[in-house]
Structures are given as structure tokens and as C-alpha cells.
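I have placed the structure first, in the form of C-alpha cells, so that the comments after it can refer back to it.
All ligand and atom numbering here is 1-based and tracks the order in the structure.
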Amino acid sequence: MGRITLDHIAKAYGSVEVLNDINLKIDDGELVVFVGPSGCGKSTLLRLIAGLDQPTAGDIRIDGAIVNRVPAADRGLAMVFQSYALYPHMTVRRNMAFGLENSHMPRKEIEARITEAARMLEIEAYLDRRPGQLSGGQRQRVAIGRAIVRNPTAFLLDEPLSNLDAELRVTMRAELASLHARLKTTMIYVTHDQVEAMTLADRIVVLRGGRIEQVDTPLNLFNKPENLFVAGFIGAPNMNFFPGQVEETLPDGLSVSFLDGQKTPVKAATNSGAAMGAVTLGVRPQHLHLAQDGEPQIPVQVRLVEALGAETVVHATASGGERVLAVLPGQPAIAKGDRIALSYRRDLLHAFDGDGMRLAGN
Ligand SMILES: Nc1ncnc2c1ncn2[C@@H]1O[C@H](COP(=O)(O)OP(=O)(O)OP(=O)(O)O)[C@@H](O)[C@H]1O
Ligand SMILES: [Mg+2]
């Protein structure tokens, strides 16, 4: 079992608060990804769970039992670091065996576990090499293999793929996904990479400044970000944000004006604090399209076109100087300097109140 519960966890280094009131329940077998800007506390939180550091306040439970005072080696968890941290003078086999030998596991059992892990990770051919004789991807697999042979309650992985080149990352990402599907062991995975987070996670935890901003499935975070920060953080390229002004209340929401002459209804509880103030409208670059007759038109001037083949990224400026980013499918005939009209689907707009919180109903 690998149920991990964080209960009001805080961590300070001296007077510097790094984590604040973190509450999280991770189910057995779940793959949970921590994301957030550099310095937000992802690694610190992982280290607290691993037992490599102590929380200043709060409880960490594994399968219901408080482990705050249990040393790292006795928590039954295996950590994989970005740096691999392999022993350079030992062969792959010895690297994988080392931790098990220290726990006095019988030789036969150690051999069996190494054989099984090596088969799973397709590193059988390298068992007698040293890490220096391996590629980055092979080293990464050895680091993961060393974690697997310990048969841990949960895997804790801190940016395990960030040293690899783009192509290898894609391969290893798929391998990790199928590994998790086979082992069904709880995994907590820290990454900077949006695609990794979206594709691997059962749930994503978005952290900012030592606090949890939102926890949800990848698609719920994408479709219903609870606040401006999550809306801007999840999804690439970033969501466009436009300041809006509430013009009037409607039976089930608000009428909001934005950009030059745009007006849209927005669903909201009309007694919400936003009732007559400023709001922010968000629209993802992929949710803008070239305007057809009869649709709302946002006139823009194109500043830059990035043709990626399958899609085209258009950087543009609206009439009030607002920057607009659109990702259009295919290869539309658009060039720098062109004046074009973009449009949007009202049901794909996101609306946030003056405090940056998602308006209810949207
Ligand atoms: N031993 C320490 N003493 C003081 N401050 C620390 C210590 N370790 C980490 N911090 C601070 O805690 C904050 C969180 O660090 P952490 O390494 O958890 O961030 P992170 O989210 O993993 O960032 P990154 O994405 O860059 O790896 C940072 O501001 C960091 O400077
Ligand atoms: Mg980190």
C-alpha cells in the first residue's frame, strides 16, 4: 500500500517560510505530479515526504501511520533524483544491488530483483558496465532500476528526465507511464515540463510560493482553472488575459466589455463581489480562430508568425496595444504586418473576478 497524507505541513528555514499549510491526500497507486515555478517548494516537499528533511509543523502519514520521526531509510520509499546519483566506480549491477546488500537481503533474492528490473527497463546488456560507459538515457534507467529493486511503497521522482534531450524525454516519459501502469505503485513526480505533467499525472498539484493553488486532474486544471495563476501556468503557450469591465448584470451572469468594443455574457452568481467591478477574461491561444462573417471580430495586427507546420503561432497586437497570441491549425497565409480579425467561442472564455478567482458558473 502507498497511501500518503500531508496534514497542515509547513517548512521554514530560519525565518524563511518555504512551505505553508500543505494538505494533500494521495491514494495508493496514484501518480501525482507537483508543478510550479522555480523555488515554489516542490523539491522541499518531496524531501519532507522522503524523510530527508523534517517539517516545521504538520504530519506526514504513510498508510495512516505518522512517519514524522521515521528515518528516510525506514519509510519504504525510493527517491530518484535529476542527477541520477549513481556510484561511478560501481557497475550497473552493483549500483542496483548496493542498497539491498546493505539491508542484508539474500543474494538470490537480490539477483532475481535485478534481473526482473533490468528486463523491464531493457538494460540487461549493460549490467556489467559502469555509469560512465552509458548514455544519459541508460543512466536514467539505471537510476530508476535502482529504485524499482527496492520494491518501494512509493516512488518519489524529482525531475528525473530533465537531463535528457528532447527525443529521449519523450521515450522515457512513455516508458515511465507504462512502468507505472504495470507496477501500480504510488508515484510522486516533480517536473517543470507541462507535457510531462499533463500526460503522466492522475492528478496535478500546482504550487506557488509554498502553497497549493489547485489540485485536480490534468483536464480539469486545463478546463476549469480556479484562479488566474493556475490559468496562466497550465497550458502552453500561456492563456491570453484581457481586462474586462462589467457593464450590467444579467439573469444568470454578467455582461462584460473587453478589448475595443467586445462584449460578452459571462455566467456568474450575480450577487458575487464582482458585480459591478473589473474582471479578467482569459482565452487560450488555441481557442482563437480566424473570424468568419457574423462572428465577433477582434481586429489585430500581426507582429510575428511562427509556422510550425502542423500549426501556426501568431503574435499580434489589438487596437488598444494589447498583446494577443493565437495558435491556428495548419498553415494559414498570414504574414508579419497583416491586419486580420480573430474570433473566439464564448463557451471557451474564462472569467475571473477582481481577486483573480474563477467566476462561479464558468
Ligand atoms: N536548506 C535551505 N535553506 C534555506 N532555504 C532553502 C533551503 N532549501 C531550499 N530553500 C529555499 O526554499 C525554496 C523552495 O526550494 P525548492 O528547492 O523546494 O524549490 P523547487 O520548487 O524545487 O524549485 P526548482 O523548480 O528550481 O527545483 C527556495 O526559495 C529555496 O531557496
Ligand atoms: Mg526542485
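Here the side chain of Asp63 pairs a donor or acceptor atom with the backbone of Arg3 at under 3.5 angstrom. Although no hydrogens or angles enter the test, the distance criterion places a donor-acceptor pair under 3.5 Å between the side chain of Lys11 and the main chain of Gln54. Checking side-chain atoms of Arg94 against main-chain N and O of Asp128 turns up no donor-acceptor pair under 3.5 Å. Although no hydrogens or angles enter the test, the distance criterion places a donor-acceptor pair under 3.5 Å between the side chain of Asn95 and the main chain of Thr91. No donor-acceptor pair under 3.5 Å is formed between the side chain of Gln140 and the backbone N or O of Gly137.
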Could you check Tyr189 against Phe34 for ring-ring contact (aromatic ring centres under 6.0 Å, His included), going step by step and ending with a plain yes or no?
CA-CA 6 Å; Tyr189 191 100; Phe34 293 172; over 10 Å; no
Show your working on salt bridge (charged side-chain N to carboxylate O under 4.0 Å, His left out) between Arg119 and Glu116 and close with a plain yes or no.
CA-CA 5 Å; Arg119 191 189 51 75; Glu116 168 66 9; 3.1 Å; yes
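Not a single N or O atom of Val18, backbone or side chain, sits closer than 3.5 Å to an N or O atom of ligand 1. An N or O contact shorter than 3.5 Å is missing between Leu45 and ligand 1 by distance. Looking at ligand 1, you'll find an N or O of Gly41 within less than 3.5 Å of one of its N or O atoms.
There is a side-chain donor-acceptor pair under 3.5 Å between Thr264 and Arg346.
The single protein non-hydrogen atom nearest to atom 18 (O) of ligand 1 is Thr44 OG1, 2.5 Å, given as residue, atom name and distance. With respect to atom 10 (N) of ligand 1, the closest heavy atom belonging to the protein is Tyr13 CE1, 3.7 Å. Counting only heavy atoms of the protein, atom 25 (O) of ligand 1 lies nearest to Lys42 NZ, 2.7 Å. Scanning all protein heavy atoms for the shortest distance to atom 28 (C) of ligand 1 gives Gly39 O, 3.7 Å.
Ligand-side atoms of ligand 1 in range of His192: 25 (O), range being under 4.0 angstrom from any heavy atom. Within ligand 1, the atoms closer than 4.0 Å to a non-hydrogen atom of Ser43 are 17 (O), 18 (O), 20 (P), 22 (O), 27 (O), numbered from 1 in the order shown. Those atoms of ligand 1 that come under 4.0 Å of a heavy atom in Ser38, given as number and element, are 23 (O), 24 (P), 25 (O), 26 (O).
For Gly36, the heavy-atom gap to ligand 1 stays at 4.0 angstrom or more.
Distance check for atom 30 (C) of ligand 1: every protein heavy atom is found at 4.0 Å or beyond.
Among the backbone and side-chain atoms of Ser43, an N/O/S atom is found under 2.8 Å from the Mg ion (ligand 2).
Both cation-pi conditions hold for Arg284 and Phe222: the charged atom is under 6.0 angstrom from the six-membered ring centre and inside a 45 degree cone around its axis.
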